[in-house]
Student: 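Here it is, the structure, as structure tokens.
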Amino acid sequence: MPSESLFPKTIGVLGGMGPAATALFFQKLLELTPAKSDQDHIPIIIYNQPKIPDRTQAILGRGESPLPALKAGVAVLQNAGADFICIPCNTAHYYFEELSRHAAVPIINLIETVVEHSLTIPRLRRIGLLATRGTIQARVYHKAFSPHNIDVLTPEDWELHDLQSIIGRLKGGDKNFYAIQKMAEALAARNIQALVLGCTELSLIAAHLHLAVRIIDSTEVFARRVVSIALGRGDS
């Protein structure tokens, strides 16, 4: 019987939000694939479209909706032959339901993936979240954790502007992690059991962050699930 790696599904990645986060996601897909040769790897189609309007600005009512561009990106990937699509951008998942109705192939939900992973933590009742202002204001993670009676704690209101600015600087290549470390420590002091890095830009500095509680890197967790689905180990 053929091994699972001989006939993997083709992954479609709708990226560019931002490009460095997309590149990191691709690298994670490669690292998490149990390949010993070129031929063992998974077919991946990446549509790196950096012109998608800013998701946070749209959610805050200050900018153009990214939904038409997201729909167009989904169409590009499904027409190129993707068996399923993943979007390595937490904030874009504000539009997940609309995109799923529009798509002809499954779209894997990053937020649900992170929540499912988090539920493996024993006695989880309070979880910290570092994310864009759009993700936090839209309560994307709050709504996903609510059915499990898990409280989501975020930085104080006065810190959110700084957090958004830091994420913007990460997109520009500045990987200074000191301010994020301090924000993470402040959340940890509020008796959380784990911290979600709920922005794929924050994944760029995940290796430099250290806390007494578990850090859940949304890029790492999502890439692991996507590889599993492509290899036939999970449902899409």
Student: Run the salt bridge (Lys or Arg N to Asp or Glu O under 4.0 Å) test against Arg214 and tell me which residues pass, sequence neighbours left out.
Tutor: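 Here no residue qualifies.
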Student: Output a table of donor-acceptor pairs, distance under 3.5 Å, between side-chain atoms of residues 69-80 and any protein atom two or more places apart or on a different chain; print 'none' if there are none.
Tutor:
residue: Lys71; atom: NZ; partner: Glu98; partner atom: OE2; Å: 3.1
residue: Gln78; atom: OE1; partner: Ala104; partner atom: N; Å: 3.0
residue: Asn79; atom: ND2; partner: Ala75; partner atom: O; Å: 3.1

Student: Mind listing the side-chain donor-acceptor pairs of residues 148-167 below 3.5 Å, one per line with the distance, residues two or more places apart or on another chain?
Tutor:
residue: Glu159; atom: OE1; partner: Glu156; partner atom: N; Å: 2.9
residue: Gln164; atom: OE1; partner: Arg133; partner atom: N; Å: 2.7
residue: Ser165; atom: OG; partner: His161; partner atom: O; Å: 3.1

Student: Could you give the distance from CD1 (Ile180) to NZ (Lys175), rounded to the nearest 0.5 Å?
Tutor: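 Between Ile180 CD1 and Lys175 NZ, I get 14.0 Å after rounding to 0.5 Å.
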Student: Got a sec, which residues hit ring pair (Phe, Tyr, Trp, His ring centres under 6.0 Å) with Tyr47, two or more places apart in sequence or on another chain?
Tutor: none
Student: Does Tyr141 reach the side chain of Val196, with side-chain heavy atoms less than 4.5 Å apart?
Tutor: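 Yes - at least one pair of side-chain heavy atoms lies under 4.5 Å apart.
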Student: Find out whether Ile59 and Thr91 are in side-chain contact, i.e. whether some heavy atom of one side chain is under 4.5 Å from a heavy atom of the other.
Tutor: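 In contact.
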Student: With a 4.5 Å heavy-atom cut-off, do Ser203 and Ser218 have their side chains touching?
Tutor: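 Yes, at least one pair of side-chain atoms sits under 4.5 Å.
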Student: Side chains of Leu202 and Thr219: does their closest heavy-atom pair fall under 4.5 Å?
Tutor: no
Student: Identify, with sequence neighbours excluded, every residue that meets salt bridge (Lys or Arg N to Asp or Glu O under 4.0 Å) alongside Lys182.
Tutor: Glu185
Student: Hydrophobic clusters here meaning ILVMFWY residues chained together by side-chain heavy-atom distances under 4.5 Å, can you tell me if Ile45 and Val227 are in one?
Tutor: yes
Student: Is any side-chain heavy atom of Leu130 closer than 4.5 Å to one of Met183?
Tutor: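 Sidechains of Leu130 and Met183: in contact.
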Student: Taking salt bridge (Lys or Arg N to Asp or Glu O under 4.0 Å) as the test, write out the residues that go with Lys171, two or more places apart.
Tutor: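 Listed in chain order: Glu201.
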Student: Could you tell me which residues satisfy side-chain contact (heavy atoms from CB on, under 4.5 Å) with Glu64, sequence neighbours excluded, listed by chain and number?
Tutor: Pro53
Student: Mind checking side-chain contact (heavy atoms from CB on, under 4.5 Å) for Arg224 and listing every partner two or more places apart, or none if nothing turns up?
Tutor: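 Per chain and number, Arg224 pairs via side-chain contact (heavy atoms from CB on, under 4.5 Å) with Leu32, Glu220.
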Student: Tell me every residue that passes ring pair (Phe, Tyr, Trp, His ring centres under 6.0 Å) with Phe222, counting only those two or more places apart in sequence or in another chain.
Tutor: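 Applying ring pair (Phe, Tyr, Trp, His ring centres under 6.0 Å) to Phe222 gives Phe25.
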Student: Could you state whether Val140 and Ile127 fall into the same hydrophobic cluster, counting links through intermediate Ile, Leu, Val, Met, Phe, Trp or Tyr residues with side-chain heavy atoms under 4.5 angstrom apart?
Tutor: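 Hydrophobic grouping puts Val140 with Ile127.
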Student: Can you tell me how far apart CG (Leu14) and SG (Cys89) are? Round to the nearest 0.5 Å.
Tutor: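 SG of Cys89 is found 9.0 Å from CG of Leu14.
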Student: Between Leu30 and Leu24, is there a shared hydrophobic cluster once you connect ILVMFWY residues whose side-chain heavy atoms come closer than 4.5 Å?
Tutor: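 No: no chain of side-chain contacts under 4.5 Å links Leu30 to Leu24.
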Student: Evaluate the criterion side-chain hydrogen bond (donor to acceptor under 3.5 Å, both in side chains) for residue pair Thr135 and Asn90; output intermediate values, then yes/no.
Tutor: CA-CA 7 Å; Thr135 296; Asn90 287 263; over 6 Å; no
Student: Do Leu204 and Leu29 sit in one hydrophobic cluster, given that two such residues count as connected whenever their side-chain heavy atoms are within less than 4.5 Å of each other, even indirectly?
Tutor: no
Student: With sequence neighbours left out, write down each residue that passes side-chain contact (heavy atoms from CB on, under 4.5 Å) with Ser65, or none if nothing qualifies.
Tutor: Leu67, Pro68, Tyr95
Student: Is there side-chain contact between Val226 and Phe84, with heavy atoms separated by less than 4.5 Å?
Tutor: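 Contact flag for Val226/Phe84 side chains = yes.
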Student: Tell me, please, which residues at least two apart from His208 pass ring pair (Phe, Tyr, Trp, His ring centres under 6.0 Å).
Tutor: Phe177
Student: Return the CG to OG1 distance between Leu110 and Thr200, rounded to the nearest 0.5 Å.
Tutor: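 So the gap between those two atoms works out to 8.0 Å.
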Student: For the residue pair Cys86 and Ile11, establish whether any side-chain heavy-atom pair is separated by less than 4.5 Å.
Tutor: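 Counting from C-beta outward, Cys86 and Ile11 do come under 4.5 Å.
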Student: Got a sec, which residues hit side-chain contact (heavy atoms from CB on, under 4.5 Å) with Gln57, two or more places apart in sequence or on another chain?
Tutor: Asp54, Arg62
